[in-house]
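Residue numbers begin at 1 in each chain, while the letters A, B, ... track the order of the sequences.
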Amino acid sequence: MSLTPTRRMMLTRSYFVLCGALAAGCSASTARPVTVAVVLEDRATVGPIANNAVRGLDLHPLDVPAPPPPPTDVATPVLTRARTAYSQGDFEVCRRELAALDLGELLARSARDHASRALAYEAACAHGAQARVEAGAAAASLARLGLELPDVVLARDVEASIGEAIAAAGAQVRHPLAVTGEPGARLTVDGQPAGCVVPCSVQVRPGAHLFAVETDGFLPSHRWVDVAGEATIAMPQEAAPPQLAGQQWRARVGRGLPPTDLVGATLLAKLAGQPRVAYLHAAGDQQVMGWMIVEGKVVASANRDRTETAALLGDLAYDGGVLRRPAVWKRPWFWIAVSSVALVAAGSVVALTYEPEIVTKVIVE
Amino acid sequence: MRTTLLLIGLAACQREREIGLQLGPSDGTVSIGFRCRQEADPAKLLIQRAPVRNGKIIVSLVIDLIDLGGRAPGCRGEEILTACDPGAGGGCTIPVSANPVRFCQELAVEIGDGNPQRIIDDFRRQARGALLTADAPDDPVIIRAVTTTEDCAALQQSPDGVFYDAPDPFRAVGCAYSCPLQLDAIDGPVFLSLDVLTDRCEGAVQTCAGLR
């Protein structure tokens, strides 16, 4: 039977359509796309990624917020005004100005110099206003908190009072105090690093002290503790909201810490607000590196050429178990390989066993 | 293009070979089986018993490819006879098939002055170049050449249409045969001979011609 060119073309097209359908049927398929947040650093060089760039994944680009700006210094103008009022003898105004300052906030931010000046002026202004008890209390606080005597001009009586308070505080015996909280939290006491991370024990003198803890993934926390009455204190912290987690992650990377270590991965997971996060960033001129984070743990890492970002995400999804790899026999390449091997085997068998028919002529010589 | 491909395909499926058949035990000789002398008159060759026409001896050269039934006996006469003896479980045939296994050609051999050597030389010259078969059987065979006074038309007749009869032994005037061989598997020429030690071999010629 002969084929017209039109019919032959139709048959050829049908063959390719059938092959395409088989290949599509053999490839991986997922009933519902798996949502994955994608943190893409160097987006300008790596390029954007479409939501459906990887079959079976629903990709959501995620922006990491910049680190927060340094806190506004509200203490310096207050202290300036307090000093002016003190120098003019306007002690009540001085005290009112100082009352606006939160000593705990200053110490929590380790602004010990500001705290020291605030307490010194408080002692001086209270002394000037004839409030001797308050003046003594301020001097005692300055001494108890271990603050340096500020480089400010004070009345001789006030300086003497502060000196006496420092001497009295130095004579007091330190007490051990156990601190519990989020493991690994950095602990400061009265604005000074305690030299240990929670849980740990510190030695402090009796009286009120400011304890502050800070750790990535949680809101910072501080509180005044009267040491005389406690042997153990708890410093609970609330989980950081996504925005803060992102800022903390950015700050860590800025400090040169690994972006996908245990803490980094946890912060990215909190930022994304979902269990699966892919983190990509350019490496060198041509490569892009990627990590797949599931439930706050890095489950896969890989790298590829910059032009193969989607393929890299696919690698991470398969390697990390986000997508299930199709069975070997469902992959088109498997059948291509099997067919090729069978073809080669059959060809080899034929080549080895084939014996052509021999036609022998016999002629009388 | 298609024709070229077809030819290439056929060439890949088929290999052609050519084997020469020597009527003697070595190159350029004629077997003693064609030079036997008459028992009654040893001065004459057995071939001189054939009829003479216009000064020439008229004989038929018949060459058979005798099928050994798949067996491959040794080359000694006794082994071949056993292989062809139905009573001993053997059997040899000359089948009528698409590819002829019986060749027959009438020869007119110059008598000249009656010199036996010249007669033999002329016989050999006339037989040279004859194509016995274009496609030899795949199974083991014995090639046997007989000169006989029977004519080729009678020899080419098959009584049952399946097998040829052996030539009449008593009309044979020469005979030689090869060892059992598979023609598709050998190289070089095939030599024919008659297993005798003297040219007084009329009886051996009859035995050889009647082999079947």
Side-chain angles (χ1 to χ4, degrees), chain A residues 1-29 311 326-365, chain B residues 9-24 26-31 61-65 99-105 107 123-139 141 143-145 176 178 181-192:
Chain A
M1 185 182 73
S2 62
L3 291 174
T4 63
T6 310
R7 187 172 290 180
R8 193 179 299 161
M9 188 176 289
M10 285 175 62
L11 280 174
T12 308
R13 282 181 183 170
S14 304
Y15 171 76
F16 282 116
V17 167
L18 182 64
C19 288
L22 278 173
C26 289
S27 60
S29 63
V328 171
W329 58 271
K330 282 187 174 178
R331 300 179 198 176
W333 283 110
F334 171 78
W335 291 109
I336 291 170
V338 166
S339 305
S340 304
V341 169
L343 209 59
V344 169
S348 302
V349 168
V350 169
L352 290 172
T353 60
Y354 176 70
E355 289 182 2
E357 183 189 347
I358 298 172
V359 175
T360 304
K361 286 182 186 175
V362 183
I363 296 171
V364 177
E365 292 182 333
Chain B
L10 283 175
C13 297
Q14 187 170 300
R15 188 157 61 94
E16 290 192 356
R17 309 168 64 248
E18 194 171 294
I19 292 175
L21 179 67
Q22 295 282 345
L23 294 175
S26 60
D27 193 15
T29 62
V30 173
S31 169
L61 173 63
V62 56
I63 303 176
D64 290 324
L65 305 180
N99 291 318
V101 295
R102 168 163 282 185
F103 165 83
C104 190
Q105 182 179 342
L107 304 176
F123 162 71
R124 183 169 176 274
R125 184 182 53 77
Q126 289 194 43
R128 183 177 295 153
L131 174 64
L132 302 187
T133 179
D135 186 6
D138 297 336
D139 293 326
V141 295
I143 301 178
R144 179 191 58 193
S178 71
L181 45 86
Q182 195 164 357
L183 291 168
D184 283 343
I186 63 166
D187 290 317
V190 176
F191 297 100
L192 303 186

Which distance, rounded to the nearest 0.5 Å, do you find between the CD of A:E365 and the CG of B:L21?
->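 Reported value, rounded in 0.5 Å steps: 8.0 Å.
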Which distance, rounded to the nearest 0.5 Å, do you find between the CG of B:D184 and the OG1 of A:T360?
-> 3.5 Å
With a 4.5 angstrom heavy-atom cut-off, could you sort out which part of B:L65 is near chain A: side chain, backbone, both or neither?
->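 Looking at B:L65, nothing touches chain A.
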Do the non-hydrogen side-chain atoms of B:L132 and A:I363 ever get within less than 4.5 Å of each other?
->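 No, too far: nothing below the 4.5 Å cut-off.
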Find the one option among B:A145, B:A127, B:A185, B:P189 whose heavy-atom pairs under 4.5 Å with chain A are most numerous.
-> B:A127
Can you name the closest pair of heavy atoms from B:D135 and A:I358 and give their distance?
->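 Taking every non-hydrogen atom into account, OD1-O, 4.0 Å.
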Can you name the nearest heavy-atom pair linking A:K361 to B:A134, along with the distance?
->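 Residues A:K361 and B:A134, closest heavy atoms: CG-O, 3.7 Å.
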Report the residues that fulfil salt bridge (Lys or Arg N to Asp or Glu O under 4.0 Å) with B:R125, sequence neighbours left out, ordered by chain and then residue number.
-> B:D122
